[in-house]
Student: 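Structure in structure tokens, see below.
Predicted model, so just to flag it, every value in this text is computed and none were measured.
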Amino acid sequence: MHSFGYRLNALLTFSVTILALMCAIASLSDNLNTPSPSAEIQIMNINWFQKQPQGNDEVSLTMNISADLQSLFTWNTKQVFIFVAAEYETPKNSLNQVSLWDAIIPAKEHAKFWIHTSNKYRFVDQGNSLRGKEFNLTLHWHVMPKTGKMFADKIVMTGYNLPEEYR
Amino acid sequence: MSWIGDTVDSIKSIQIRQLLTQGVSLGMIVTSALIIWKALMCITGSESPVVVVLSESMEPGFKRGDILFLHMSKEPIRAGEIVVFNVDGREIPIVHRVIKVHERQDTGEVDVLTKGDNNPGDDRLLYAQGQHWLQRQHIMGRAVGFLPYVGWVTIIMTEKPIIKYILIGALGLLVITSKD
């Protein structure tokens, strides 16, 4: 009952249990945080708007994105992944979500930012229904913890429009 | 070093009843582990409720050796979710983020495009020949939580199988020679 093997076994089991408990408590502590993020996106310019050879519409645009996401960070946060998606409806699809830009925020100091950028990923429709289309720009964020449960949420900004004609 | 002598003595003095009892206890341990695994599969609705991250395509969020807890609900798949999917013809599941969603008006079916956070381009290169989108049937679950480093045990056992055999051999020896 007091051999080296038994003692090692007991020690290992105990430490694994304690570690698991600590991870669970760390994850639960994230629930105490009430975030209050804010964001604003302006479309500075529609660079071009064409129909591709395969028949799908494509848009290239330049945006100003400013956001304050510092309240999302807790001591258990490893990084926050954010992305801006254009969301709209077409006759064929009840919902289309196209990610235009994303970034990784590694620390709280970088969470308040302003960026002027063109779309990182191609804004391509399934079809050619984008002319004159009204769409929402949604800033999504995904809080990735050091350990435990991940949280995701978003801010929806409405009222953006695409031009009536190709250019 | 006297435990070697003890071990040899105890192997010599094994009685058949004791051996059978220990065989049954071992079987009980293995089957309860199996029951827990299958129960987890039912609760999370996913074929493999826990996966190990094998590549660096989701760094710095998920590193090689982390484990992810999966859950599959009937909720529609939306952009930003981290999903685990199988490509036809590849046996290893891939864990990446959804960046594009197109959901049909009539049937509610979705076309989904994924990309690893740390990859320069999207996953079309990884999909099967001629496949441009993923559908719901390819997706095994959403990642809802994670634990760092725990998956290294699985990676080491897969990549250096000799360690697996050593471990099972040592466990077997422990069971046979224990005095319980």
Student: Hydrophobic cluster membership, with links at side-chain heavy-atom distances under 4.5 Å among I/L/V/M/F/W/Y: are A:Ile25 and B:Phe146 in one?
Tutor: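 In one cluster: no.
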Student: Where is the tightest heavy-atom contact between A:Gln79 and B:Pro60, given as atom of each residue plus distance?
Tutor: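 Nearest heavy atoms, A:Gln79 then B:Pro60: OE1-CG, 3.0 Å.
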Student: Sort A:Phe81 into side chain, backbone, both or neither according to what part of it lies under 4.5 angstrom from a heavy atom of chain B.
Tutor: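 Interface part for A:Phe81: side chain.
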Student: For each of B:Ile99, B:Leu147, B:Asp106, B:Asp66, tally heavy-atom pairs with chain A at distances under 4.5 Å, and name the one with the top tally.
Tutor: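 Looking at each of B:Ile99, B:Leu147, B:Asp106, B:Asp66 in turn, B:Ile99 comes out on top.
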Student: Can A:Glu89 and B:Gln105 be counted as having a side-chain donor-acceptor contact under 3.5 angstrom?
Tutor: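 Distance-only check passes for A:Glu89 and B:Gln105.
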Student: Does A:Leu12 CG have over 12 foreign heavy atoms under 6.0 Å away?
Tutor: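 Yes.
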Student: With respect to chain B, which residue among A:Leu19, A:Thr138, A:Ile82, A:Leu95 yields the maximal number of heavy-atom pairs within a distance under 4.5 Å?
Tutor: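 When all of A:Leu19, A:Thr138, A:Ile82, A:Leu95 are compared, A:Leu95 has the most.
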Student: If we define contacts as heavy-atom pairs under 4.5 Å, which of A:Phe151, A:Trp141, A:Phe83 has the most with chain B?
Tutor: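 Ranked by heavy-atom pairs under 4.5 Å with chain B, first place is A:Phe83.
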Student: Heavy-atom pairs under 4.5 Å with chain A - which of B:Ile82, B:Val150, B:Val98 has more of them than the others?
Tutor: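 Of the candidates given, the most pairs with chain A belong to B:Ile82.
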Student: Applying a strict under-4.5 Å side-chain criterion to I, L, V, M, F, W and Y, I'd like to know whether A:Trp48 and A:Phe123 cluster together.
Tutor: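 No, separate clusters.
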Student: What I want to check is whether the side chains of A:Gln126 and B:Asp111 have a donor and an acceptor closer together than 3.5 Å.
Tutor: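 Distance-only check passes for A:Gln126 and B:Asp111.
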Student: At their closest point, which heavy atom of A:Val98 faces which heavy atom of B:His102, and how far apart are they?
Tutor: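 Heavy-atom minimum between the residues: CG2-CE1, 4.2 Å.
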Student: Apart from A:Leu21 itself, what residues make up its hydrophobic cluster, given side-chain heavy atom links below 4.5 Å?
Tutor: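 Same cluster as A:Leu21: nobody, lone residue.
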Student: Counting heavy-atom pairs under 4.5 Å with chain B, which one of A:Cys23, A:Pro91, A:Ala20 comes out on top?
Tutor: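 Highest number of pairs under 4.5 Å: A:Pro91.
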Student: Pick one of side chain, backbone, both or neither for A:Ile104, based on which atoms fall under 4.5 Å of a heavy atom in chain B.
Tutor: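 For A:Ile104, the contact with chain B is made by the side chain alone.
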Student: Under 4.5 Å from any heavy atom of chain B, what part of A:Lys92 do you find: side chain, backbone, both or neither?
Tutor: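 Both backbone and side chain.
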Student: Give a yes or no answer on whether the side chain of A:Gln97 reaches the backbone of B:Val101 with a donor-acceptor pair at less than 3.5 Å.
Tutor: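 It does not hold such a pair.
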Student: For residues B:Lys100 and A:Tyr121, is any side-chain donor paired with an opposing acceptor at under 3.5 Å?
Tutor: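 Not at all, the side chains of B:Lys100 and A:Tyr121 share no donor-acceptor pair under 3.5 Å.
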Student: About how many Å separate OH of B:Tyr149 and OG1 of A:Thr147, when rounded to the nearest 0.5 Å?
Tutor: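 Result: 11.0 Å between the selected atoms.
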Student: Is the count of non-hydrogen atoms from other residues, nucleotides or ligands lying under 6.0 Å from A:Glu165 atom CD greater than 12?
Tutor: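 It does not: A:Glu165 CD has 12 such atoms or fewer within range.
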Student: Can you tell me which of A:Lys146, A:Lys120, A:His140 forms the most heavy-atom pairs within a distance under 4.5 Å of chain B?
Tutor: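 So the answer, after comparing A:Lys146, A:Lys120, A:His140, is A:Lys146.
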Student: Say whether B:Phe62 and B:Leu54 are linked into one hydrophobic cluster, either directly or through other cluster members, by side-chain heavy-atom distances under 4.5 angstrom.
Tutor: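 Per the 4.5 Å side-chain linkage, B:Phe62 and B:Leu54 are not co-clustered.
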Student: What part of B:Glu59 gets closer than 4.5 Å to chain A, counting heavy atoms only: side chain, backbone, both or neither?
Tutor: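 Interface part for B:Glu59: backbone (N, CA, C, O).
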Student: Hey, which of B:Asp117, B:Asp122, B:Thr107 has the most heavy atom pairs under 4.5 Å with chain A?
Tutor: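 Answer, by heavy-atom pair count under 4.5 Å with chain A: B:Asp117.
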Student: By a 4.5 Å heavy-atom criterion (distance strictly below it), what part of A:Glu87 contacts chain B: side chain, backbone, both, or neither?
Tutor: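 For A:Glu87, no heavy atom lies under 4.5 Å from chain B.
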Student: Looking at B:Glu75, I want to see if its CD is surrounded by more than 12 non-hydrogen atoms of other residues, nucleotides or ligands under 6.0 Å.
Tutor: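 Counting neighbours around CD of B:Glu75, 12 or fewer heavy atoms of other residues, nucleotides or ligands fall under 6.0 Å, so no.
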Student: Checking heavy atoms, do the side chain of A:Thr90, its backbone, both or neither come under 4.5 Å from chain B?
Tutor: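 Just its backbone gets close to chain B.
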Student: Could you see if A:Ile43 belongs to whatever hydrophobic cluster contains A:Val84? Use Ile, Leu, Val, Met, Phe, Trp, Tyr and a side-chain cutoff under 4.5 Å.
Tutor: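 Same hydrophobic cluster.
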Student: Is it the side chain or the backbone of A:Met144 that comes within 4.5 Å of chain B heavy atoms, both, or neither?
Tutor: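 Contact with chain B involves the side chain of A:Met144 alone.
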Student: Provide the closest heavy-atom pair for B:Gly61 versus A:Lys78 in the form atom of the first, atom of the second, distance.
Tutor: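 Closest approach of B:Gly61 to A:Lys78: O-NZ, 2.7 Å.
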Student: Need one label for A:Lys154: side chain, backbone, both or neither, based on atoms under 4.5 Å from any heavy atom in chain B.
Tutor: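 Contact with chain B is absent: no heavy atom of A:Lys154 under 4.5 Å.
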Student: Any luck finding a side-chain donor-acceptor pair between A:His142 and B:Arg97 under 3.5 Å?
Tutor: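 Side chains of A:His142 and B:Arg97: pair found under 3.5 Å.
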Student: Against chain B, label A:Pro106 side chain, backbone, both or neither, depending on which of its atoms sit under 4.5 Å from a heavy atom there.
Tutor: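 Looking at A:Pro106, nothing touches chain B.
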Student: Let me check something: do A:Val59 and A:Leu100 share a hydrophobic cluster, defined by ILVMFWY side-chain heavy atoms less than 4.5 Å apart, either directly or through other members?
Tutor: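 Yes: a chain of side-chain contacts under 4.5 Å links A:Val59 to A:Leu100.
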Student: Considering only heavy atoms, which portion of B:Pro76 lies under 4.5 Å from any heavy atom of chain A: side chain, backbone, both, or neither?
Tutor: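 Neither part.
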